[in-house]
Number of protein chains: 2
Amino acid sequence: MATSSELGGGDLDTSEKEARIREFRRLCRERGERCTVQRRIILETVLDLDNHPSADQVFDAVADREPGIARTTVYRALDHLARLEVITKACHPGSAVRFDPRTGPHHHLVCLHCNEFVDLDHDAFDGLTIPDTSAYGFEVSDYRVHVRGMCRNCLEKTSKEESK
Amino acid sequence: MATSSELGGGDLDTSEKEARIREFRRLCRERGERCTVQRRIILETVLDLDNHPSADQVFDAVADREPGIARTTVYRALDHLARLEVITKACHPGSAVRFDPRTGPHHHLVCLHCNEFVDLDHDAFDGLTIPDTSAYGFEVSDYRVHVRGMCRNCLEKTSKEESK
DNA sequence: GCTTAAATGCAAATATGTAGCTTTAAAGAT
DNA sequence: ATCTTTAAAGCTACATATTTGCATTTAAGC
C-alpha cells in the first residue's frame, strides 16, 4: 500500500540546482545558443517554484528578482528550457501551459474539476514496458502516469451543492 | 512487442454513439438538468471528432451543423458534459483544454514539441495498482499513461535545423 | 575592444476562456 | 395543449494566455 510520503513535491537543494544550471550552460554552448542572464534567472526561478507554475506565474516570480524583464522573454525562455530538457512541460487538464522543474521519472495526481496537480511517486508505476512506436516514427523519451479524480476541496463543494 | 494496432483512435460506431446519447439524457433527468438540442449536437459532434479537439475546434465543427450557436454555449456545454463524465477532459502539454470522446481506460502518445496527441492502447499499462490517496482526501476515478517524446514531423524538422 | 547573430524588449495581434444580463425553451404541472 | 418555472442559450464585453514583428541590446568568439 502507498505511504503518504509518495505525495507532494520537495524543492531541489542548492547543489542540485547548481548542477542543473551548469547543465544548462553546457547545453547552450554545445548548441551555439546563448546563456543570457534572463534565461538563467528564469531557470533558477522555476527550480525554486515547486507547483508546476504557468508561464505567467513564473513571470510574476521572476519580475520580483529582475524588474525590467519582459513577459515575452519569460514565455520564450521557458520554451527554450523545455526544448533543452532542463525543465519539462507538464501534461495537465487546464488551459495555460504548466512547467515542471522535475525532469526525472515521476507521476501526477490530478483533479479534473479544479485542475489541482501534485507530484506522486509510486513504485508500481515505474519500470513499465513501453510500446514500440518506431513504426509510427515517434521517439519516446519517457512516460508519466496521471492518476485522475477529484480533490478534497471539489468533493466538499460537490456534496454541499447536492444537499442544497 | 507492441503492434501497430495499438495506435490511433477509431471513431465510435452508430450504436455506441446512440447509447452514449441515451446515457446523457438519463444523467440529465437524474440530476434535474436539461437535455437541450445544443447540448445534444455538441455531444454528437465531439463523438464524431476523434482527435481530442479543443473547445474552439468543437465550436467550428458544431457551427457547420447548427449555424446560430454561440461560442459560449459550446464552452459551457463541454464543461457540463465533462462534469457528467459523458466525455472527459484530456491532460496534454498545450494551452487550450482538450476533450476526449473516449471515457474508458486508454492511454496517449504525446509530442512535447508540437503537442500532437494520439490514442494508445497497451496491455502493459492496464491493471496497475493505484496508490492509496485517501489520506489526502483525493477520490481516484482512473488513470492514464502519457508516453512522451517527439513525433516524426518534429524529428524531421529538428534534424533539418541541425544540418543547416 | 570589435563583430555578428541570437536574444531581449516593446507594442500590437491573436487565441482562449469567463461574466453579466436578457431572452428562450425544456420539463413538469394544470 | 397550454401554463409556469427556471435552467440554459445567446449576446456583448471583458479577462487571461500566448504569439508575432521589428528595433535594440548583448553574449560569445575573434
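Each chain gets a letter, A, B and so on, in the order the sequences are listed, and its residues count up from 1.
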OP1 or OP2 of C:dA7 sitting under 4.0 Å from any side-chain N/O of A:Arg39?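 Result: yes.
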
Would you kindly confirm whether A:Ile87 and A:Val74 end up in one hydrophobic cluster when ILVMFWY residues are joined by side chain heavy atoms under 4.5 Å apart?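 Result: yes, single cluster for both.
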
Could you give me the CA-CA distance, side-chain angles and deciding distance for B:His108 and B:His92, then say whether side chain to side chain donor-acceptor pair (under 3.5 Å) is met? CA-CA 9 Å; B:His108 293 111; B:His92 75 118; over 6 Å; no

When you check the gap from the basic side-chain N to the acidic O, do A:Arg144 and A:Asp100 get nearer than 4.0 Å?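 Judged by the 4.0 Å cut-off on N to carboxylate O distance, A:Arg144 and A:Asp100 do not form a salt bridge.
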
For B:Thr72 and B:Ser95, take the nucleotide of DNA chain C holding the closest heavy atom to each; which residue's nucleotide lies nearer the 5' end?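 Whichever sits nearer the 5' end wins; that is B:Ser95.
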
Do B:Arg71 and B:Val62 have side chains that approach each other closer than 4.5 Å (heavy atoms only, starting at C-beta)?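 Result no, sub-4.5 Å side-chain heavy-atom pair not found.
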
A:Ile41 and A:Gln38, any side-chain heavy atoms less than 4.5 Å apart: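 No; the side chains remain at least 4.5 Å from each other.
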
Mind checking whether A:His146 and B:His146 have ring centres under 6.0 Å apart?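 Yes; B:His146 has its ring centre under 6.0 Å from that of A:His146.
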
For the base of C:dG17, is there a side-chain donor-acceptor partner from B:Arg71 under 3.5 Å away?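 Yes, a donor-acceptor pair under 3.5 Å.
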
Using whole Å, report how far NE2 of A:His80 lies from P of D:dA27.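 Taking atom P of D:dA27 as the reference, NE2 of A:His80 is at 15 Å.
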
Could you check which of D:dA17, D:dC11, C:dT8 has an atom nearest any side-chain atom of B:Ala70?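 It is D:dC11.
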
Take A:Arg98 and B:Glu66, find for each the nucleotide of DNA chain D with the closest heavy atom, and name the residue whose nucleotide sits nearer the 5' end.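 On the 5' side of the pair lies B:Glu66.
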
End-to-end bend of the helix from C:dG1-D:dC30 to C:dT30-D:dA1 (five-pair axes, 10° rounding)?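 Inter-axis angle at the ends, rounded: 40°.
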
For nucleotides 24-30 of chain C, read 5' to 3', which letter fits each nucleotide if B means a protein heavy atom sits under 4.0 Å from the base, S means only the sugar-phosphate is that close, and - means neither? -BBS---

